Amino acid sequence: TRKESSAASDVYKRQDQDSDLNTTGFTETLQLDRRQVAKFLNGQAQEFPKRTDNWKLLPDCGERLPNISWEPSNTLQLHESAKPVEIKKNGCKNAQQIKTSNNREKESDKPLDGRVNDKPKSTAISTNSRATQFPQPKISLGKSDSDEKVYWTPYGADSLPERLNNGHVMIVGSSGSGKTFLLKSVIAPQISQYKIPTLYIDFNDDFTQKDFLGVVDAELIRADKGLPINPLALEKSLQDDEFLLMNHIYELKDIFQKAFDLGEQQANNFKDALHETYKEIGLHDRTLKQAPKTWPTFRDFKKHLDAKGDLKLINRVSSIFDLEIFTGKEGGMDKRLKESTVLALSLLPSDMVRKAVSDLFLKTTYQYLIRSGHADGIKLAIVIDEAHKITNLPSTSLLLKEGRKYGASLWVSSQEPKDFSNSVKNNCGTQIIFRVDEVRNAEDSAKQLGQRNLAADVRSLSVGTCFLRNLHYAPYTRLRVER
C-alpha cells in the first residue's frame with residue numbers, strides 16, 4: 001500500500017494495476033498459494049521477480065520516490081490465516097503489502113511441508129531460516145567479437161535469465177594460451193568480491209604468491225608441512241544419523257589403492273590394518289550411533305600396518321607416514337572451508353602422494369558440503385589447475401555429479417581435452433576452449449563446441465582469446481579475456 005504524498009502521483013499512475021489510486025495512495029494484491037509461500041520459506045524468494053516482473057510495482061532502484069528509503073531487505077512475515085502477508089523485497093523497504101483473500105481456502109491453517117506450526121503466530125521469518133542464501137554471482141569474462149560483454153551467470157541475471165545446468169566450468173588450452181590468467185587474474189578476484197570461499201588445489205605454485213593471496217584473502221596451506229585433517233575420523237551420515245564405519249574403511253581402501261596402484265592383496269592388507277586400528281579402541285560394528293571420545297590417528301594406523309609385515313605395501317605408502325601429512329585429530333575442515341584456502345601440493349614427493357592427498361582433501365570437502373545442507377547459490381568454489389592429475393578421482397567425480405545441489409562450483413583446467421573423461425565433460429555446464437596446438441586435440445575441442453569445422457580456428461586463437469559454450473551462449477561465442 002502506497003501512502004506517500006501526492007507529489008508522486010504520476011509515477012503511481014504508471015504503477016497502479018487495478019485503478020484504485022486516490023489521494024492517499026493505492027493498494028495492489030497478489031494471492032500466494034501454499035506452494036509459493038513454501039518457496040519463500042525455502043529461501044527462494046528471489047525467483048518471484050523473474051516470474052512476475054517485480055509485480056510491476058517497484059520502480060527501478062535509480063528512480064527515487066518521496067518518503068521511500070532504499071535499503072536491502074529480504075524478510076517474509078507470516079500472519080494468521082486471511083491476514084496480510086507483508087513482504088519487504090530486496091532493494092526497497094516498505095515496497096508493498098500483499099494480501100491473501102478471505103475467500104481462499106484456508107490452507108495456511110495447515111503445516112507447509114512441516115515448515116509452519118499448526119498455530120502460526122505473527123512472526124518475522126528470515127528466508128534464510130530454511131535454506132541459507134548464498135551468492136549467485138555475475139562474473140565478467142571479457143568481450144565478444146562484437147565488443148559486447150560476456151558474463152558467466154550460472155543462476156541467471158538480467159538479459160540471461162535462464163539458469164545453467166550447474167556452476168561447473170571446464171577449461172582447455174595449451175601452455176601459455178591464457179588459462180591460468182583467466183583463473184587467477186579474472187575469475188578469482190571477482191569470486192572473492194562476492195565473499196565466496198574458494199579452495200585452490202595448486203600443483204605448480206601458480207596461486208601461492210603473496211600478492212595473489214592478499215587479493216583473494218586466502219590462507220596458504222603447504223601439504224608437505226602437514227594437513228589439519230584426520231582421514232580416520234568419521235562424520236555422521238545425514239540419511240541414517242549414524243557413523244558408517246564399514247563404508248568408511250572401504251572408501252579409504254579404495255582411495256589408497258587407486259592413488260598408490262596397490263594390488264588386491266596389498267589393498268586387503270591395508271583394509272585389515274584399518275579394521276584392527278578401529279578395533280583397538282572398541283569400534284568393530286558396521287555402524288556406530290555415537291562417536292568415540294577420540295578417533296584413532298594415522299600414527300595409530302601405522303602400527304597396525306607394520307604388524308601386517310607386507311613390506312611392499314609399507315614401502316609403497318611410506319611417504320604418507322614419513323612426511324606426517326595428516327596431522328589432525330578431528331576429521332572435518334568446516335571452519336577452514338568457510339574461508340579461502342590455497343592447498344599447495346608441488347613439494348610432495350610423487351604424483352601418487354599428491355593424488356592421495358587431493359582425493360582425501362576433496363572427500364572431506366564433499367562431506368562438509370553435505371553437512372551444511374542444500375544451497376541455492378555458491379557456497380564453495382573449487383579451482384583445480386592442471387586438473388588432469390585428479391579429475392578422474394572418485395571425489396572429483398562425486399563433486400561434479402552431486403556438488404551442485406550443495407552449492408559447489410568446480411573450475412577444472414587442463415591442457416588437452418583428452419585429460420577429461422566424458423563424465424567430466426558432461427557434468428560441466430560451461431566449457432571454455434583456448435588455443436590448442438596439436439591437431440587431434442584441436443579437433444576434439446571443436447567437437448566439444450559442437451562445431452567440428454572450428455578445429456583450425458581453435459589452433460589459431462591468439463593468447464587470451466577463447467571460445468565459450470553454455471546455455472547462455474549457444475552454440476558458442478568467441479571472446480577476449482579481460483580483467
Side-chain angles (χ1 to χ4, degrees), residues 199 201-204 221-234 245-278 280 295-328 331 333 343-367 382 384-400 412 414 419-421 423-424:
L199 170 62
I201 297 184
D202 189 359
F203 290 94
N204 297 327
I221 299 179
R222 289 203 168 273
D224 55 293
K225 294 184 178 179
L227 297 176
I229 61 175
N230 177 13
L232 300 189
L234 280 69
L245 178 59
M246 190 63 68
N247 286 22
H248 188 70
I249 288 174
Y250 273 88
E251 285 178 357
L252 286 178
K253 187 264 290 184
D254 289 343
I255 287 173
F256 277 84
Q257 183 175 9
K258 291 176 181 177
F260 289 92
D261 195 22
L262 303 180
E264 286 301 320
Q265 187 57 53
Q266 292 173 334
N268 283 329
N269 287 337
F270 191 93
K271 178 196 66 178
D272 291 343
L274 287 170
H275 274 294
E276 296 299 327
T277 305
Y278 286 111
E280 186 177 36
W295 292 103
T297 66
F298 248 55
R299 188 170 294 179
D300 301 321
F301 171 57
K302 177 66 163 57
K303 177 180 63 176
H304 293 281
L305 191 64
D306 288 342
K308 290 294 175 184
D310 189 338
L311 294 181
K312 288 184 178 180
L313 168 61
I314 294 170
N315 290 335
R316 206 156 185 80
V317 300
S318 61
S319 54
I320 290 288
F321 302 101
D322 293 343
L323 296 172
E324 295 186 337
I325 291 176
F326 301 112
T327 59
M333 291 189 60
L343 175 63
L345 303 170
S346 63
L347 297 182
L348 292 177
S350 69
D351 281 342
M352 291 188 295
V353 177
R354 284 188 279 271
K355 282 183 179 180
V357 170
S358 301
D359 209 3
L360 286 166
F361 204 91
L362 289 173
K363 180 176 180 290
T364 302
T365 300
Y366 179 68
Q367 291 171 340
I382 303 171
I384 310 174
D385 203 2
E386 299 300 323
H388 64 276
K389 299 177 186 292
I390 61 171
T391 49
N392 296 323
L393 293 177
S395 56
T396 311
S397 177
L398 195 60
L399 282 165
L400 285 168
V412 292
S414 196
D419 292 334
F420 299 107
S421 67
S423 176
V424 173

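Because the structure is predicted, anything quoted here is derived from the model rather than measured. Keep in mind that the numbers below use all heavy atoms, side chains included, and drop hydrogens, waters and symmetry copies. For the single chain, residues carry numbers from 1 onward in sequence order.
- For the 3.5 Å distance criterion, the side chains of Asn269 and Gln265 qualify, holding a donor opposite an acceptor.
- In this structure, the side chains of Leu362 and Leu393 stay at 4.5 Å or more apart for every pair of heavy atoms.
- For the side chain to side chain contact (heavy atoms under 4.5 Å, CB included) test with Val353, the passing option among Val317, Ile320, Leu345 is Ile320; the others fail.
- For the atom pair Arg299 CZ and Thr277 OG1, the distance stands at 14.0 Å (nearest 0.5 Å).
- For Lys355, the NZ atom is loosely surrounded, since the number of other residues' heavy atoms within 6.0 Å does not exceed 12.
- Rounding to the nearest 0.5 Å gives a distance of 8.5 Å between CZ of Phe203 and CG of Leu343.
- Taken from NZ in Lys363 to CD1 in Ile255, the straight-line distance is 5.5 Å, to the nearest 0.5 Å.
- With a 4.5 Å cut-off on side-chain heavy atoms, His388 and Glu386 count as touching.
- The shortest distance between side-chain heavy atoms of Asp261 and Arg316 falls below 4.5 Å.
- One finds no salt bridge joining Lys303 and Glu276 here, because no Lys/Arg side-chain nitrogen approaches an Asp/Glu carboxylate oxygen to under 4.0 Å.
- Side-chain contact check for Leu313 versus Lys308: every heavy-atom pair is 4.5 Å or farther apart.
- Phe301 has its side chain out of reach of Pro296: every pair of non-hydrogen atoms, C-beta onward, lies at least 4.5 Å apart.
- Residues Asp385 and Asn204 are not in side-chain contact: their nearest non-hydrogen atoms beyond the backbone lie 4.5 Å or more apart.
- Nearest heavy-atom pair across Arg354 and Ser346 is NH1-O, 3.6 Å.
- Residues Leu227 and Ile221 form a side-chain contact, since some pair of their non-hydrogen atoms from C-beta on lies under 4.5 Å apart.
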Verdict with supporting geometry, Lys302 and Asp306, salt bridge (charged side-chain N to carboxylate O under 4.0 Å, His left out): CA-CA 6 Å; Lys302 177 66 163 57; Asp306 288 342; 2.8 Å; yes
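- One finds the CG atom of Leu262 at 10.5 Å from the CG atom of Asp254 (value rounded to the nearest 0.5 Å).
- Side-chain contact between Leu232 and Leu252 is present, with at least one heavy-atom pair separated by less than 4.5 Å.
- The residue from Phe256, Trp295, Phe298 that alone fulfils the ring-ring contact (aromatic ring centres under 6.0 Å, His included) condition with Phe326 is Phe298.
- When all heavy atoms are compared, the tightest approach of Thr396 to Ile390 is OG1-O, 2.8 Å.
- Asn230 and Thr297 share no donor-acceptor pair across their side chains, judged by distance under 3.5 Å alone.
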